[in-house]
Structures are given as C-alpha cells and as structure tokens.
Number of protein chains: 4
Amino acid sequence: MLDVETTLPRKEREFLRHRREILMAAEAVFSEKGYISATMEEIAQRAEFAVGTLYKFFDTKASLYAEVILMRMSELEEESNRALEEAVGPGERIRNCFRSRIDQFWKNPGFFRFFYHGPVGAISEANTGFLPEIRERYERYLDRLREVFAEGIRNGEFRPLGEGLMALSFEGLLQVYLERLSGQESPDRRQQEEDELLSIFLNGVSV
Amino acid sequence: MLDVETTLPRKEREFLRHRREILMAAEAVFSEKGYISATMEEIAQRAEFAVGTLYKFFDTKASLYAEVILMRMSELEEESNRALEEAVGPGERIRNCFRSRIDQFWKNPGFFRFFYHGPVGAISEANTGFLPEIRERYERYLDRLREVFAEGIRNGEFRPLGEGLMALSFEGLLQVYLERLSGQESPDRRQQEEDELLSIFLNGVSV
Amino acid sequence: MLDVETTLPRKEREFLRHRREILMAAEAVFSEKGYISATMEEIAQRAEFAVGTLYKFFDTKASLYAEVILMRMSELEEESNRALEEAVGPGERIRNCFRSRIDQFWKNPGFFRFFYHGPVGAISEANTGFLPEIRERYERYLDRLREVFAEGIRNGEFRPLGEGLMALSFEGLLQVYLERLSGQESPDRRQQEEDELLSIFLNGVSV
Amino acid sequence: MLDVETTLPRKEREFLRHRREILMAAEAVFSEKGYISATMEEIAQRAEFAVGTLYKFFDTKASLYAEVILMRMSELEEESNRALEEAVGPGERIRNCFRSRIDQFWKNPGFFRFFYHGPVGAISEANTGFLPEIRERYERYLDRLREVFAEGIRNGEFRPLGEGLMALSFEGLLQVYLERLSGQESPDRRQQEEDELLSIFLNGVSV
DNA sequence: AATGAATGAGCCTTCATTCAT
DNA sequence: AATGAATGAAGGCTCATTCAT
C-alpha cells in the first residue's frame, strides 16, 4: 500500500485518493440512509465533489454501491483468511476467525448495517446486474470456512455432520450478533458475550 | 377469527375482507419486488382495487408494509408460542419451536425474503417511523424464548450461559438457514439438514 | 370522427381529448424548439398538465415525438391519396397531389419545420427505435406516387424513365419549396410560383 | 494552400494544422452521431487532443459545428463555381454543376448527412446564433446558380420562368437524391440514374 | 368505500465549459 | 497552446399521494 502511494505518479495518486474519498463518503451515506434513500447529491457533498465528478469514477449509483461493498469484502476476506491461516488446528482456526470477524466489525460498524441487508431487493432481478460479484466473493469466503470444518471432521475434532451447515451456522451466529451490536445506541464491546457465543458454537460442532 | 367474521355487520365484514385482500396482494408484491421496487399501482392491480382505495385502508406505503409484516408476525408469534407451550421441558420446547418455525417458512416462503431484510435500511433512521412496533413485537417473541432458555439453565439442562445469547443464536441459525432456502431456485425441504442444524444448536447449549 | 366523439363514454372521450391536447402542445413546442431543445416540462406547461400526466399518455419523449409525426403523416397520406384518386389521368393526378400537398402545408406550416428534418440524428442508431414506423409510412406514400408515374409511363403520357426517380423528384421539389416557405418571416402564398414549379416538374417528366 | 503552409512561421503552421485536425475529427463524429449526440469528449479523442484544447480553437460546440460546415461549404462553393465557369452555355453549365455536386458527395458522403439536416432544428431560433453565416454562404451559391439560369432565360435556352424557382428545383432534386444515397446501406454510384435525373430537370426548365 | 386521472417533487445521469497546472 | 479533472445546471422519468366524481 505504502509503495503504491509513493511510487505512482502524482496524478494517479490523486486519482486513487479521490476515488477512495468518494468510496468513504458513499459508505457513510449508504449506511445512514440505505441504498435507495441515499442520493448521489448527498454523497457528492459529503465527499466534497460535484455530482458529475462521482460519475468520472463510477458509472452508476449501483456500481458505486457495489464497489463500496467489494472494497470492504476484500478486507474481510483478506483478514479472515489470515486469521484462519495463522492458527493451528481446525478448532483454533475457527476461534481465531470468529474473533477476527468481530474485530473487523469494530473497525467499521457502519458497514455491516447494509452489508447484511444488501441493496434493496437484493433478490429482485433489478439488481442481479451487480450482485453476482458480491455473492461470488462471499461464497469464496464460505468455501474457505467449509474446508476448515471438513478438516476438523476428518481429524475427529468436529462431529461428522455437514461442513456446509457448520459454516452456515457460524455465519448465522456472527450475523445476528453483529446486527444486534449495530442496533445498539452506543455499542460497546463485551468480551464475555463473545466468548460465550463462541463457546456455544464450538460446543455445538465439536465432538 | 370465525366469530369475528360471523358476528360483525356485513359492512364491517366486507371492510375486513378487503383489508385482508390488500394485505395479501401487498405481501406478494413486496416479496417479489422488495419494498422500494414495489409500487402502489401494482399492489392495487393485484388486489383488484384502485390505487385510491388502498389509501382508505392504509395511510402510506410504509404503513401498508408495516401492517403486512405485523400480520405475519402475529401468526409467527402465535404459532411459536403454541409450539413452546405444547412440549414438555426446555429442550423439547426449543426443538418444537425450531420445527414450527421451519413449518411456517414453508407455508409462506416469500414472506421471509423481506422479513429478514426489512425495508431499505430497516435500521436506518429513515424508517424508524414504523419499525418500532415491529421490533417490539419481535422482542416480545425473543423474551418468550429467553424464558425457556432460562428455565433450561435453572434445571441444569442447558449450560449456565446468558439466555439472551442462546435466544440470539437460535434466531441466527434459523435466519441464515431460511435465507439460504429462500435463495434456492426451487427450494426443497431436507429433513436431515434440519435435524443436523438443530443438533448443532442443542449440542452447543446443552450441558 | 364525430361518431367517435359522441358514442364513446365520457371517460374515453376525455382521454382522447387530453391525448390530443398533449399532441398539439408537443407539436407546437417541437416545431419551435426542435426535438432536443424541447423539454417535457415545457410541453406539459403548454398542454396545461403536469409532467407526470404526459407519461400516462406517452411512454417516452421519443414516442410522443413519433406520435406527433405519425398523426400528421396519417392526414398527409389520407389527403394525398384522395387528391390522387379524385383526378383522372396520371398528369392530372400528380397536379392535384402537388396542390394538395401545398394546401396541407398552409394548414399547418409549423409541422413541416421538423417533419423534413426529423429528430436529431435521424440516421443515428439512437433513434432507430421509433423511426422505422415513420419511414415505412412515408415509403407507402411514395409507393402510391410511383404507381401513378408508372401508369403515366405505360400510357405514354410520361417519359420512359424510372418512376422511382420521378417520385423522388416530385418530393424534392416540394420539400425544398416548402422549406423555403417555412423559413420566410411572414410566409405568404404565391399562386404563380406554385404553378411555375409544377410546370417545371411536369415538363420535365412529360413526353 | 501550399503557400500558406510554407510561408507562415512554424508556430502558425502548427496552429492551422491542429485546427484542421480538430475540424476533421468533428466532422467525422458529427456525421456519425449527429450534432446533439456528438460530444466534445469524443471529438477530442478522435482528434487526439484534450477537451480543453478544443476550446482554444473554437469557442463553443456550436461554433465548431458551424466551422465544419463552413469549411465544406467553401469547397462546395469553389468547386461548383469552377464547374459553372468551365462549361460553355447555360445548359452545359448546369449539367456540369450537377455532376460536380454529385462528385463532391462521393468524396465525402458523411458530410451530407448533417448538412441537409442541420443541427437540431436548424431553422429554429435556438440556433440562429450561428446559422446566419451558413445561410448567407448558401445564398451566395444560389445567387450564382440564378445568374446562370437568368442567362439561359435571356438567350432563349430556358423557359421564361423564375430563375429563382429553377435554382430551387435544381437544389431540391440534388438534395433528395443525395439524401437517398446517404441512407443506403452500401451506397453505390449509378450513372444511369444520375443522367435520368438530370434529364428530368433539364427537360423541365428547357424550352 | 371506490375510482383513477392528475399531480409534482425528487433523483439519476449527461455533458458543455472552465481553470489550475 | 495543451491538459483533463472538476463543475453544476438541466432534463427525462417515476411514483407516492390527492381529490373530484
């Protein structure tokens, strides 16, 4: 990252910086208002650019939205993978990943407000245009999780149930928990709750 | 319900019937298109009423939306409560409730498409106008769940962890599982998966 | 026409009247400003309706434009055909048609301002969506002209040249002449000029 | 032209060359897209200059458009005049001019696509800003034509009708014919048609 | 209650033009 | 003269809501 910032010509650095500024502004507005209620006008103001400028960076509102999500999903995938890799043994990996996911939430709680809810009518045809990429990325992450569960099943650490269901359950617990945190007036982190939740899950899947 | 239908004067019976027809049409359109993409025009057509008529029954699109959800949540609450009551012992109650929730999904899969996702930015301020009531109702249902878990903790059937977290986990598993079913092209019910999921959960919370 | 006006239910009569009012307003604005510079806003104002109302009658600005032209082309075709039918003998028919076309111009000079020029970029793909119908209609009219010329060639009244070229020439003279009239500050009709023009043409194609 | 290129200082020569490059690019884009759909952006790309540079040479899009037309009209005028001068006798001059005009079309068919159609509503007030010059130039060419016809009328070669109408007719036939060629998928030149058309015209105006 | 034509505010998007470098 | 990122006004279109019948 630092390399990029320093080696690229000034013009390109500025381009990337502006692009990033717009993405940040968009993320803020999307998470406050939701996809539909957010207006390009407001995003532009927040980013301190004119509306037209947004369109130099992103073709449509929808693609700007997709890019915001993709940007965060890349981070999520990256860090989750790191967490899975770093630990030794399936149980420890899952434990590590769980904590990493919660850490990530605390870095940017606003994002999860619309990550889990997707664009309006995520299922509707209207949006199939840009959702596939996001879903794909998510599935890739789930695949990685499944591998770890499969590994745990093989070595007898986890119960011989479907590794897909395990991954799904893992995500379900996280999703519901993070949603509740997002909804709190002044969210504060509670270590004990996290440990208990993880314990429920691991107890559930372990032999 | 039957009582209502038969004892009320014809005028009022018709009023209720029309109201219900509109709600059903709205549910269908909302679940197909999502909140934003759904138009009052289309709902009116589906209900075989004029647009103006919809406004005799519901003040705004948002309130119609809320009423659709509230209608289904009443059923959900009712049936879930029945399931919790019918069984004996905390574990059995949870098991029964889990199955009931899945039964309910299969009665009306479309509904869950937008129940979990809520309107655009269900959590956002923009929608706080009609969400409170829904959240309240949901909390009431969660409370009932928590009681059961608390009971199980007291009698040593469940582990001595937070009953709130247990309820949350229960919902998380269900939500993620039902979402996946909704997303399937031609959703089909798989008994074994359901049993495994329940087993993971109960294993997780049980001593 | 009268039948239509009197036998249709009031609602439908109003619908047609409003539709016609919008078409007239649109024609006026299109002929003053041209297709692109004309705005739906201004057309709406001129028609004394709200913008939204225009879209109840016409799907897009382009289709409104096409309908304006189609409406006038129907009249043009109808009256030209009448003129061709009424006279006896090819020469007389053409003579009659020529006069009819000029009469039609004087009934509505504004229309021809954009009829001959077509929408911006009439040739561009962007407009191929709605032009075909107009072009078809025009070709049908040209076909009728060609028949008359062919008839004249067969009976030795016209020279044995291509009837297509004759029809084209006929249209060329009219177009250029009407354009010049449109461009005049205060157009006034000059009988002698018309006769001379017709004479040039008939002399050109006659034996 | 060559003189200009060689005698002027390098700076000025470059200026003129760049100006010409922009004009050519503009002509290409205008003829492909039409005035409105053409964008300064695309013209700039085609000319391999930055948008801003275009504005160093031409104040507005409209004036660039006008200059493109003026450039071609100068050639048209020049060559038509040569054609009129070269031949001997009114009839022969017109014949020569007719052929010259068609030659010119084949040198640059694209240009005529928008020459005859003008910008959006060439006749409309919106565009009167830059049209006058074009119209003037065109009138000058028509004047020259009229002189030839007047000459022919005086010497008894042409019929004693208005020379203005004759010039108009001449233009009408050309316009319609060239338009039809422009519209063809793969335009090909047909000598016989041209001869017939010319014959119709000359027959029409000759004694 | 029922109708549905009419309303008009609001939003995404385009693109000619400017200006700091 | 050359650049091209930034501007922002303007326009087509949608749709929740109203109101006269």
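Just so we're on the same page: letters track the sequence lines, and every chain starts at 1. All of these numbers come straight from a predicted model, not from anything done at the bench. In what follows, every heavy atom counts, from backbone to side chain, and hydrogens, waters and symmetry copies are set aside.
Residue contacts for A:A44: at a heavy-atom cut-off of 4.0 Å it reaches no nucleic acid atom on any strand shown. Residue contacts for D:F49: at a heavy-atom cut-off of 4.0 Å it reaches the sugar-phosphate backbone alone, with no base atom in range. Residue C:F58 is out of contact with every strand shown, counting any heavy-atom pair closer than 4.0 Å. Contact annotation for A:A47: no contact, since no heavy-atom pair falls under 4.0 Å across all strands.
F:dC15 is paired with E:dG8 under the Watson-Crick or G-U wobble criterion, all donor-acceptor distances under 3.5 Å. Applying the Watson-Crick and G-U wobble criteria (two distances, each under 3.5 Å), E:dT21 pairs with F:dA2.
Between F:dG12, F:dA9, F:dT18, one nucleotide has an atom nearer to the side chain of C:T39 than all others, and that is F:dG12. Here the nucleotide nearest the side chain of A:H18, chosen from F:dT17, F:dA6, E:dT13, is F:dA6.
With rounding to whole Å, A:I36 atom CD1 is found 10 Å from F:dC15 atom P. Put simply, NZ on C:K11 is 6 Å from P on E:dA5, counting in whole angstrom units. Rounding to whole angstrom units, CD of residue B:Q45 and C1' of E:dA2 are separated by 16 Å. Protein atom CD of C:E42 is 14 Å distant from nucleotide atom P of F:dA10, rounded to whole Å. As a whole-Å value, the separation of A:E41 CD from E:dG10 C1' is 11 Å. The nearest whole Å value for the distance from the CD atom in D:E14 to the P atom in F:dA1 is 11 Å. Between the CG atom of D:L54 and the C1' atom of F:dG4 there is a distance of 12 Å, rounded to whole Å. Between the CE atom of B:M40 and the P atom of E:dA5 there is a distance of 17 Å, given to the nearest Å.
Residues B:S74 and B:R137 have side chains in contact (heavy-atom distance under 4.5 Å, counting atoms from C-beta outward). Put simply, the side chain of A:L64 reaches to within 4.5 Å of the side chain of A:L23, judged on heavy atoms.
Close to E:dT7, at under 4.0 Å from its OP1 or OP2, lies a side-chain N or O of C:T53. In this model, the phosphate group of E:dA5 is not approached by any side-chain N or O of C:K56 to a distance below 4.0 Å at OP1 or OP2.
Heavy-atom minimum distance, C:T60 versus C:Y55: CA-CE2, 4.2 Å.
Nearest-nucleotide assignment on DNA chain F puts the 5′-proximal partner with C:K61, out of B:V51 and C:K61. Nearest-nucleotide positions on DNA chain E place C:G52 closer to the 5' end than the other of C:G52 and A:G52.
The pair A:K11-A:E14 fails the salt-bridge criterion, with no side-chain N (NZ, NE, NH1 or NH2) lying under 4.0 Å from an Asp/Glu carboxylate O.
Ring-plane geometry between B:H18 and B:F57 is classed as perpendicular, the angle between the planes exceeding 60 degrees on a 0 to 90 degree scale with a lower cut at 30.
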